[in-house]
Peer 1: 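Can you keep this structure in mind? I'll have questions shortly.
Every number for a ligand or one of its atoms is a count from 1 in the order of the listing. Along the sequence shown, residues carry numbers from 1.
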Amino acid sequence: MGNCCRDEETIEEIKELKSQLGQKLLILTHHYQRKEIVELGHFRGDSFELSRRAAEKNEASFIVFCGVHFMAESAAILSEPGQVVQIPDPGAGCPMADMADADVVEEAWKELTSLFGDKSIMPVVYMNSDASLKAFCGRNGGTVCTSSNAERAFRWGLTQGKKIFFFPDRHLGLNTAYRLRIRPDEIVVWESNRQSGGVELARLKGARVILWDGYCVVHTRFRPEHVVEMRERFPGAKIVVHPECTREVVELADAVGSTGFIVNYVENAPPGSTIIIGTEINLVDRLAHENPDKNIFDLYYSLCPNMFKITPEKLRDCLREIGGRNVISVPEHVKKDALVALNRMLELPHGS
Ligand code: 13P
Ligand code: SF4
C-alpha cells in the first residue's frame, strides 16, 4: 500500500475515533503543527490562546494536545481535576525551555535577592519553560507570560518599581523591554554559565530588566540580510516577524507579534498584499494556502523539528488508547504553585 493510502486510512480512523468520543474529546493544536494535524483539531491557537482554552470549562474528559511538551504540561495544570491531558509524542520538547534549568535559576535568584531583597525584583517566566519554573514564579510573586502578553507582564512588575528577572528567552525579553522604552543601559543579560551572570555589580544595580541567555533555534535563524534581500525582491511588501527573533531582525521588520498576532495580521491585510513572514514554516505555508488572495512568503525556511514530531499516526495512537497513552502528569506540589503563576498571567491587568 502506498504512503498516500496509508495516510488517508489514518486520517479516516482519527475522524471515526473523534466522532465516537464526541464531546468527551478536545484536540488542541498549535499554529506550528502540520496542516493535517491542524485540520483534525477542534481548536487551533498560539500558546496563550491554547492555555486559555484549556482553562475554560468544557465537557471533555480527554484533552489531546498537539504541540510541544511545555504547552501540554501547562494545559494539564490549567485543566479541571479529572481531565486527562495527553500528548501524541512526549519527546516533542523545546530546546529553549531546556536552556533554563530550575536549580540554576534558583541559584541566580538567591544571588539577586541577596543583593536587592525579594521585594524589589519580580520573576517572569516565559510559557516556554518547565512546570518547576512556573511553580518557582508562583512561589515568588511572579507570573508566566507568552509572547502575546509579555509587555503586560513586564509593565505589571515595572509599575510596582520592581526589576524584572525574565527567563529563558533573551530576545523576547529584549524586544519587550525596547517596546516599553527601557533604556539599553537598564537591560542586562545574565549569562547562566558564568559567575554572577558575568554582570558587574554597578550594571546590575542600574538594571530594570535582567534577561536569561536562552534563545529559540528556529527564530534566531532569521538574519538581517534575509530582510534586506526580501525587501529588494519584493519592494512594497510588509515584513512581519515573531518576537523570538533577534533585535536586529525586529528593527528591520514592519511588525512584530506572537503567532496569533501574525495570523490576524495576514487575515486583516487587504487582498493583493504581499507579506513576508519570519516564523515557523508550517504556519507560513498554511497562511499562504488559506489566503490565496494574498502573496505570502517565508522570510527564510525555518522548521521547528519538535513541533513536527506530532504526526497523524501518533495522534491516532493516542486516540486508540484514550486516557492511557502519553498522559501528562505534574506532581501536585508543582502544579499548585505553577497554577498560581499561570492564573496571574490569565488575569494580567490590561492597562498596567
Ligand atoms: P506563541 O506564544 O506565539 O504561540 O509561540 C510559542 C513558540 O513556541 C514560539 O516559538
Ligand atoms: Fe521552542 Fe522555538 Fe520550537 Fe517554539 S519554535 S517550540 S521556542 S524551539
Peer 1: I need the atoms of ligand 1 closer than 4.0 Å to a non-hydrogen atom of S147, numbered in the order shown.
Peer 2: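 Contacts of ligand 1 toward S147, numbered from 1: 1 (P), 2 (O), 3 (O).
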Peer 1: Would the W109 and F136 ring centres measure less than 6.0 Å apart?
Peer 2: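 Centroid distance W109-F136: below 6.0 Å, so yes.
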Peer 1: I'd like to check which ligand 1 atoms, numbered from 1 as shown, lie under 4.0 Å from a non-hydrogen atom of N128.
Peer 2: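 Going through ligand 1 atom by atom, the ones under 4.0 Å from N128 are 7 (C), 8 (O).
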Peer 1: One residue to check: M96. Relative to ligand 1, which of side chain, backbone, both or neither has a non-hydrogen atom less than 4.0 Å away?
Peer 2: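 Looking at M96 and ligand 1, no heavy atom falls under 4.0 Å.
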Peer 1: Please tell me whether L50 and V327 are part of a single hydrophobic cluster in this structure, the criterion being side-chain heavy atoms less than 4.5 Å apart.
Peer 2: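 Yes, one cluster joins them.
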Peer 1: Checking E73 side chain against A131 main chain: does a donor-acceptor pair fall under 3.5 Å?
Peer 2: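 Answer holds: yes.
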Peer 1: Using a 4.0 Å cutoff against the non-hydrogen atoms of Y32, which atoms of ligand 1 qualify?
Peer 2: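 What qualifies from ligand 1 is 9 (C), 10 (O).
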Peer 1: Let me check your reading of the structure: within less than 2.8 Å of atom 3 (Fe) of ligand 2, is there an N/O/S atom from C94?
Peer 2: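 No - counting backbone and side chain alike, C94 has no N, O or S atom under 2.8 Å.
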Peer 1: Got more than 12 heavy atoms from elsewhere within 6.0 Å of CD, E200?
Peer 2: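 Result for CD/E200: open.
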Peer 1: Between R316 and E9 (salt bridge meaning N to carboxylate O under 4.0 Å), is one present in this structure?
Peer 2: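 No, R316 and E9 are not salt-bridged.
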Peer 1: Near S47, which atoms of ligand 1 are under 4.0 Å from a heavy atom of that residue?
Peer 2: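 Result: 1 (P), 2 (O), 4 (O).
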Peer 1: With a 4.0 Å heavy-atom cut-off (strictly under), which part of E280 contacts ligand 2: side chain, backbone, both or neither?
Peer 2: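 Neither; no heavy atom under 4.0 Å.
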Peer 1: Is the closest basic N to carboxylate O distance between D89 and K314 below 4.0 Å?
Peer 2: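 Yes, this pair counts.
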Peer 1: Testing Y300, F297, Y301 for ring pair (Phe, Tyr, Trp, His ring centres under 6.0 Å) with H226, which one passes?
Peer 2: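 Exactly one option meets the ring pair (Phe, Tyr, Trp, His ring centres under 6.0 Å) with H226, and it is Y300.
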Peer 1: Taking both backbone and side chain into account, is any N, O or S atom of C216 nearer than 2.8 Å to atom 2 (Fe) of ligand 2?
Peer 2: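 Yes, since at least one N, O or S atom of C216 sits under 2.8 Å from atom 2 (Fe) of ligand 2.
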Peer 1: According to the interplanar angle, ranging from 0 to 90°, do the rings of Y265 and F261 count as parallel (below 30°), tilted (30 to 60°) or perpendicular (above 60°)?
Peer 2: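 The rings of Y265 and F261 sit tilted, inter-plane angle from 30° to 60°.
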Peer 1: Who's the nearest protein heavy-atom neighbour of atom 3 (Fe) of ligand 2, and how far?
Peer 2: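 Ranking protein heavy atoms by distance from atom 3 (Fe) of ligand 2, first comes C304 SG, 2.5 Å.
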Peer 1: Looking at R52 and E56, is there a salt bridge between them, counting it only when a charged N and a carboxylate O are closer than 4.0 Å?
Peer 2: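 Looking at E56 and R52, the cut-off is not met.
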Peer 1: Tell me the closest heavy-atom pair linking A253 and V241, and the distance in Å.
Peer 2: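 Heavy-atom minimum between the residues: CB-CG2, 3.9 Å.
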Peer 1: Kindly indicate whether the side chain of V68, heavy atoms from C-beta on, has any atom under 4.5 Å from the side chain of H30.
Peer 2: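 No. Closest side-chain heavy atoms not under 4.5 Å.
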Peer 1: Looking at atom 8 (S) of ligand 2, what's its closest protein heavy atom, distance included?
Peer 2: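 That would be P95 CD, 3.6 Å.
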Peer 1: Ignoring angles and geometry beyond distance, decide whether Y126 reaches within less than 3.5 Å of ligand 1 through its nitrogen or oxygen atoms.
Peer 2: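 No, no N or O pair falls under 3.5 Å.
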Peer 1: For atom 5 (O) of ligand 1, what's the nearest protein heavy-atom neighbour? Residue, atom name and distance, please.
Peer 2: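 Going by distance alone, atom 5 (O) of ligand 1 is nearest to H242 NE2, 3.5 Å.
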Peer 1: For ligand 1, indicate whether the residue E280 contacts it via side chain, backbone, both or neither (heavy-atom separation under 4.0 Å).
Peer 2: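 Within the 4.0 Å criterion, E280 makes no contact with ligand 1.
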Peer 1: With heavy atoms under 4.0 Å as the rule, classify the contact between H219 and ligand 1 as side chain, backbone, both or neither.
Peer 2: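 The answer is the side chain of H219.
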Peer 1: Using a 4.0 Å cut-off to any heavy atom of E244, which atoms of ligand 1 qualify?
Peer 2: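 Taking each heavy atom of E244 in turn, ligand 1 has 7 (C), 9 (C), 10 (O) under 4.0 Å.
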Peer 1: With heavy-atom distances below 4.0 Å as the criterion, list the atoms of ligand 1 near S258.
Peer 2: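 Here the atoms of ligand 1 in question are 3 (O).
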Peer 1: Do any heavy atoms of N128 fall under 4.0 Å from ligand 2?
Peer 2: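 Contact present.
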